[in-house]
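Below, all heavy atoms of this structure are taken into account, side chains as well, without hydrogens, waters or symmetry copies. So that the names make sense, note that chain A is the first sequence line, chain B the second, and so on, each numbered from 1.
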2 protein chains.
Amino acid sequence: MRQPLHERIRSDFEARILSGELAPGDRLPIEQELMQHYGCARMTVNKALSALLSAGLIDRRKRAGTFVARPRMHSMVLDVPDLPSQIRERGQAYAYEPIGHRLRPPAPGRDEEVQLADDGDLFELEGLHLADGIPLALEYRLISVLAVPDIGDATDIEAISPGSWLLKHVPWTEAETRISALEATTEEARLLRIPQRSACLCVERRTWRSSDRITYVRQLFVGNSYDLVARFGATR
Amino acid sequence: MRQPLHERIRSDFEARILSGELAPGDRLPIEQELMQHYGCARMTVNKALSALLSAGLIDRRKRAGTFVARPRMHSMVLDVPDLPSQIRERGQAYAYEPIGHRLRPPAPGRDEEVQLADDGDLFELEGLHLADGIPLALEYRLISVLAVPDIGDATDIEAISPGSWLLKHVPWTEAETRISALEATTEEARLLRIPQRSACLCVERRTWRSSDRITYVRQLFVGNSYDLVARFGATR
DNA sequence: CAGTGGTCTAGACCACTGA
DNA sequence: CAGTGGTCTAGACCACTGA
């Protein structure tokens, strides 16, 4: 069995939908008809259609049947960059250069910090990501001490970069990334060794584990030396 | 049956993996054991584990068993912006202001254009996306005439914005988006009505249908008035 | 070569919902 | 109320691969 039958059924309909032969709103055969057409059991047909359903290509309604889904707002997969491995993949040497860190309470006025701290303290870190000794990104990070109690004992966090340390030690379930372009301030430009007001890519990320907030990070990338890439591809 | 059994099994293990109770590399019970534990048939267990497999939380190897997957490079879902609807959702009036369009052959030296054209011509479009009459983005687009033969008759393409027109008329299967920050040139700044060398968010996208290239687009967003947002969430 | 997962069968009962 | 999909059962044969 080179190609499982359920996979063949799935890709048959995927092709017919993507080619436009089956247009949005068109009705697909019912499971009984597909069983006869492919000469198989209902579970096999059902497995194929379940895959199309979770890929968003079809809608299924009891009693009504199965229909080609209306074209939705498409979405793509954005890789969350782990800078150390990304830089090493480019054949460059990675280094994290700490600028400073401290333990402090959240600033009373700042909702962002108060929510993150959740009655505990915040661990604040700032540092540079270097590729072959040249600054690539300036990182400012806040970590909730209640959510990550090990943080106090983590003597290695600045040795391997805070992001990699967290990824390795703290599982997360939800995250939001916000991407924008802005001009570097005088201080940011000095640290990144670029001209003042240079265009930078700003990546902000908030991370949760269930409903607990874990960390906030803001990474400022030198504009002409870093791209984010997102891809959309047919399933499998 | 409020919650299907396969869904309960799936979420049980999802929770145990995300909480860290089951660490990467740990072995899960074999299907026979899970059948006994949950008192169900093997297909039910299999459906739950298949969902965890496609979510990337586990690895399965014949003869060896089922294991918690090593934490992978996480990825997030980036919504591909349909500017007209996005702007209207913000309660602003959307308008597309054409700057120009023409039919031309690909420039011989430019691989990008030659590949996109594929022995045909290119339809080139430039225009502004306006929110409440203020320029939000400058768009430069190339469309393969062979891939989209209807383009010649499309008198409405500039009325509803080229991106929306394509989304509606041409199904696509693959796309790549590249995001960077750069400084507006003199001409770009003039069209966007911003100071020269202002920071802009540059979004480039290449789109395919199967192996045919459909379009290349470059959108330059005014830096301080547009953010891209990507999200990662637990499945379902 | 034996344990494990991959796939499939031929049924079943039920929930939902639109004709 | 009848058609459709959602879920589940209790088996089966096989492919793969690591002990």
Side-chain angles (χ1 to χ4, degrees), chain A residues 1-17 22-70 72 234-236, chain B residues 1-17 22-70 72 234-236:
Chain A
M1 186 181 309
R2 303 270 166 101
Q3 171 150 351
L5 182 53
H6 68 83
E7 177 61 19
R8 196 187 126 209
I9 301 173
R10 191 199 65 75
S11 62
D12 276 2
F13 281 94
E14 182 188 69
R16 294 174 65 186
I17 291 171
L22 287 170
D26 283 0
R27 187 170 173 178
L28 269 63
I30 65 172
E31 294 190 348
Q32 289 296 339
E33 289 167 336
L34 291 173
M35 286 167 64
Q36 286 175 24
H37 182 266
Y38 287 97
C40 66
R42 191 172 153 225
M43 277 297 282
T44 304
V45 166
N46 190 271
K47 186 162 187 169
L49 294 178
S50 295
L52 292 171
L53 182 65
S54 75
L57 287 175
I58 59 172
D59 293 323
R60 310 196 78 187
R61 294 199 307 279
K62 285 174 188 154
R63 166 85 216 212
T66 301
F67 302 86
V68 177
R70 306 270 160 203
R72 313 134 294 129
T235 34
R236 237 147 272 257
Chain B
M1 187 181 307
R2 301 268 166 102
Q3 172 148 352
L5 182 53
H6 67 83
E7 176 61 19
R8 195 187 126 208
I9 300 173
R10 190 201 65 75
S11 63
D12 277 2
F13 280 94
E14 182 188 69
R16 293 174 65 187
I17 291 171
L22 287 170
D26 284 0
R27 188 171 172 177
L28 270 63
I30 65 172
E31 294 190 347
Q32 290 294 341
E33 290 168 335
L34 290 173
M35 286 167 63
Q36 286 175 26
H37 182 267
Y38 287 98
C40 66
R42 192 173 153 226
M43 276 298 280
T44 304
V45 166
N46 189 271
K47 186 162 188 170
L49 294 178
S50 295
L52 291 171
L53 182 66
S54 76
L57 287 174
I58 59 172
D59 291 324
R60 311 196 77 186
R61 293 199 308 279
K62 285 174 188 156
R63 166 84 215 212
T66 301
F67 302 87
V68 178
R70 305 271 160 203
R72 314 133 294 130
T235 34
R236 239 148 273 257

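- Rounded to an integer number of Å, the gap from CZ of B:F67 to P of C:dG5 is 9 Å.
- Distance alone, capped at 3.5 Å, is enough to place a donor-acceptor pair between the A:R27 side chain and the A:A64 backbone.
- In terms of phosphate contacts, A:S50 brings no side-chain nitrogen or oxygen within less than 4.0 Å of OP1 or OP2 of D:dG6.
- When rounded to the nearest whole Å, the span between NE2 of B:H6 and C1' of D:dT9 equals 14 Å.
- Remark: P of D:dT7 and CZ of B:R10 are 12 Å apart, rounded to the nearest angstrom.
- The backbone N or O of B:E33 lies less than 3.5 Å from no partner atom in the side chain of B:Q36, so there is not a single donor-acceptor pair.
- At least one side-chain heavy atom of B:L49 sits under 4.5 Å from a side-chain heavy atom of B:L28.
- In the set C:dT9, C:dG3, D:dT4, C:dG3 carries the atom at the smallest distance from any side-chain atom of B:K62.
- Note: CD (A:E31) to P (C:dG11) measures 16 Å, nearest angstrom.
- At D:dT4, none of the side-chain N or O atoms of A:T66 fall inside 4.0 Å of OP1 or OP2 (strictly under the cut-off).
- Counting to the nearest Å, the C1' atom of D:dG5 and the CD atom of A:Q32 are 11 Å from each other.
- In this structure, A:C40 and B:L49 both approach DNA chain C, and ranking their closest nucleotides by distance from the 5' end singles out B:L49.
- With a cut-off of 3.5 Å on both pairing distances, the Watson-Crick and G-U wobble pairs of DNA chain D assemble into stems of 3 or more at C:1-18 with D:1-18.
- If you take OG1 on B:T66 and CG on B:D26, they are separated by 12.5 Å, rounding to the nearest 0.5 Å.
- Considering only side-chain N and O atoms, B:R63 lies nowhere under 4.0 angstrom from the phosphate OP1 or OP2 of D:dC16.
- Nearest nucleotide to the side chain of A:M43, out of C:dG5, D:dT7, D:dC8: D:dC8.
- Where A:N46 and B:A64 each meet DNA chain D at their nearest nucleotide, the meeting point lying more 5' is that of A:N46.
- Here the side chains of B:R61 and B:F67 are in contact, with some heavy-atom distance below 4.5 Å.
- Distances shorter than 4.0 Å separate none of the side-chain N or O atoms of A:R61 from OP1 or OP2 on D:dG6.
- Interatomic distance, B:L52 CG to B:D59 CG, rounded to the nearest 0.5 Å: 11.5 Å.
- When rounded to the nearest whole Å, the span between CD of B:E7 and P of C:dA15 equals 19 Å.
- Atom CZ in B:R60 sits roughly 12 Å away from atom C1' in C:dT7 (whole-Å rounding).
- No donor-acceptor pair closer than 3.5 Å links the side chain of B:T44 to the backbone N or O of B:C40.
- Taking only distance into account, the side chain of B:R42 meets the base of C:dG6 through a donor-acceptor pair shorter than 3.5 Å.
- Counting to the nearest Å, the P atom of C:dC13 and the CG atom of B:L5 are 19 Å from each other.
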